[in-house]
Amino acid sequence: QRLDLFADLERSVDAIAAFAGPAEGRSYREFSVRAQATFNTLDASFMRASRPNPFSLARRVGWRKLPDLARIAPFSSLWRALGQHFADPRLRQLFGRYATYCGSSPFLAPATLMLVAHAERAGVWRVEGGMVRIAQALEALLQRHGATLRYDSTVRQLLTSGDRITGVELANGERLDASAVVFNGDTAALASGLLGAAATGAVVRLPPKARSLSAITWNMVTPARGFPLARHTVFFSDDYASEFRTILGEARLPLDPTVYVCAHDRGDGDAGMAMAPGSERLMCLVNAPPNADTHPLTAAALAQCEDSMFSKLARCGLRLYRDADNMRVTTPTDFHQMFPATGGALYGRASHGWMASFSRPGARCSVKGLYLAGGSTHPGPGVPMAVLSGRQAAHSVLEDLDHLAARGRA
């Protein structure tokens, strides 16, 4: 069976009512109210704030709004909270998918992640020209302000004097002096000593069990026939609990994976439902365990997962042309090589338990002058959240440099 959701609340209510009954349609409306209230409570006080703790969060919310903080149910799992709204397990599975946006299990992630439902319905933005335009726009802005950009320059180590950063040393031996350094890689690389011994204490080392999900992706150019793909389509497994037990508990690939398909050349909404002529660009993704550093996937396991993925899509009616020449596969091992010390984890720490969100590193760390940004830092993964982390890092750099200048003048 198929369910389409819409930006318009009432259209989604009607679609859910037709899919699972009028009572579930009404429940979705109530769930949307709760998701919006959760978003409104945490937007300024948590997501846009510098690294919070439970006490600073309560202070920012204000004592008059503490009941709102209690209503977001931080101590309940997302799966359990969804059960308070939806009797149909398919709807719990659908909205539990939001936990995977930060590489987590809906059975372990806090109910606060329901805020993603409101953020997505309020509007998800695409970038004209593709995601690379973000990097290109930043490059142009930096160059206009006189910055020198170096690419393909491997950093051997961060340089410090006492507890303060003094610069970076490149692999070719060149040293670049700096009073402030922003590190935009996964923080696991710092804690693992990949940027030198002086930086290992900058953040707490993340245990492998606390890692977020990894993934296998298939990027391909192929005709897509038999199923009305939208830009974003999810084909769910028959047993969601078993899927996450297999990935996170048994650390292996599931036999019946949930498959996400991104149809890059499709529009959003109704216009995207028409079949595209000829070949189109697709990305298929399944979740995978983040243990490529200790248990890399075997060729047999990858082949079995690929067969399961394509078989699931075919059973749902989506026919794709499998051609190795037009398909690139990226595995947890590849992600581990791109992001060393992660095991292939794509989102830093998993958001499991109510304290996990407070455990991400903030912009400042124990090494003065070293600042952190990116998807493994607060407020979390994904382009919008990573951009917020960059903004917080920039604010921290400017604030600290102003403070140092004032002390120097004094």
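When only modelled atom types and interatomic distance are considered, Asp334 and Thr331 share a side-chain donor-acceptor pair under 3.5 Å. Between the side chains of Arg34 and His85, at least one donor N or O lies within less than 3.5 Å of an accepting N or O. Residues Thr222 and Glu280 have side chains that never bring a donor and an acceptor to within less than 3.5 angstrom of each other.
Arg281 places no side-chain N or O within 3.5 Å of a backbone atom of Asp265 that could act as its donor or acceptor partner. The closest donor-acceptor contact from the side chain of Ser389 to the backbone of Thr377 lies at 3.5 Å or more, if one exists at all. Looking at Arg225, its side chain never comes within 3.5 Å of a backbone N or O of Gly317 through a donor-acceptor pair. At distances below 3.5 Å, at least one donor-acceptor pair connects side-chain atoms of Glu24 with backbone N or O atoms of Asp88. When atom types are taken as modelled, the side chain of Thr217 and the backbone of Cys284 share no donor-acceptor pair closer than 3.5 angstrom. Panel note: side chain Thr298, backbone Ala301; a donor-acceptor pair is recorded below 3.5 Å.
Here the straight-line distance linking atom CG of Leu302 with atom OG1 of Thr333 works out to 9.5 Å at 0.5 Å rounding. Summarising the geometry, atom OG1 belonging to Thr166 is positioned 14.5 Å from atom NZ belonging to Lys368; distances are rounded to the nearest 0.5 Å.
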Requested in this report: Would you sort out whether Lys209 and Leu248 count as a side-chain contact (heavy atoms from CB on, under 4.5 Å), showing the intermediate values?
Outcome: CA-CA 8 Å; Lys209 283 288 187 183; Leu248 295 177; over 6 Å; no

Query raised in the report: Can you check side-chain contact (heavy atoms from CB on, under 4.5 Å) on Leu282 and His264, steps first, answer last?
Result: CA-CA 6 Å; Leu282 300 179; His264 297 284; 5.8 Å; no

Report task. Would you sort out whether Leu94 and Leu5 count as a side-chain contact (heavy atoms from CB on, under 4.5 Å), showing the intermediate values? Result -> CA-CA 10 Å; Leu94 170 62; Leu5 294 179; 4.0 Å; yes

Query raised in the report: Hey, mind stepping through Asp307 and Arg322 against salt bridge (Lys or Arg N to Asp or Glu O under 4.0 Å) and telling me if it holds?
Result: CA-CA 10 Å; Asp307 288 341; Arg322 293 173 66 174; 3.2 Å; yes

Query raised in the report: After noting the C-alpha distance and the side-chain angles of Asn219 and Met327, does the key distance pass the side-chain contact (heavy atoms from CB on, under 4.5 Å) rule?
Result: CA-CA 6 Å; Asn219 286 277; Met327 181 170 66; over 6 Å; no

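In this pair, Phe95 and Phe86 present their aromatic rings parallel. The plane angle is below 30°, not in the 30 to 60° band. Trp218 and Phe310 have perpendicular rings, their planes meeting at more than 60° on a 0 to 90° scale where under 30° would count as parallel. Ring-plane geometry between Phe335 and Phe339 is classed as parallel, the angle between the planes falling under 30 degrees on a 0 to 90 degree scale with a further cut at 60. Between Tyr101 and Tyr98, the angle of the ring planes goes over 60°, which puts this pair in the perpendicular group of the 30/60° scheme. Between His232 and Tyr260, the two ring planes are parallel [angle under 30°; tilted spans 30° to 60°].
The pair Arg156-Glu174 does not meet the salt-bridge criterion, since no charged nitrogen lies less than 4.0 angstrom from a carboxylate oxygen. Ionic pairing of Asp8 and Arg121 is not present here: no N-O contact between side-chain nitrogen and carboxylate oxygen is shorter than 4.0 angstrom. We find that Glu139 and Arg133 are not joined by a salt bridge, their nearest charged nitrogen and carboxylate oxygen being 4.0 Å or further apart. Under the 4.0 Å criterion applied to side-chain N and carboxylate O atoms, Arg2 and Asp4 are assigned as salt-bridge partners.
For Arg211, the salt bridge (charged side-chain N to carboxylate O under 4.0 Å, His left out) partners at least two apart in sequence or on another chain are Asp293.
Under the 6.0 Å distance and 45° angle rule, Arg80 does not count as a cation-pi partner of Phe107.
For the pair Ser308/Asp256, no side-chain contact is recorded, criterion being any heavy-atom separation below 4.5 Å from C-beta on.
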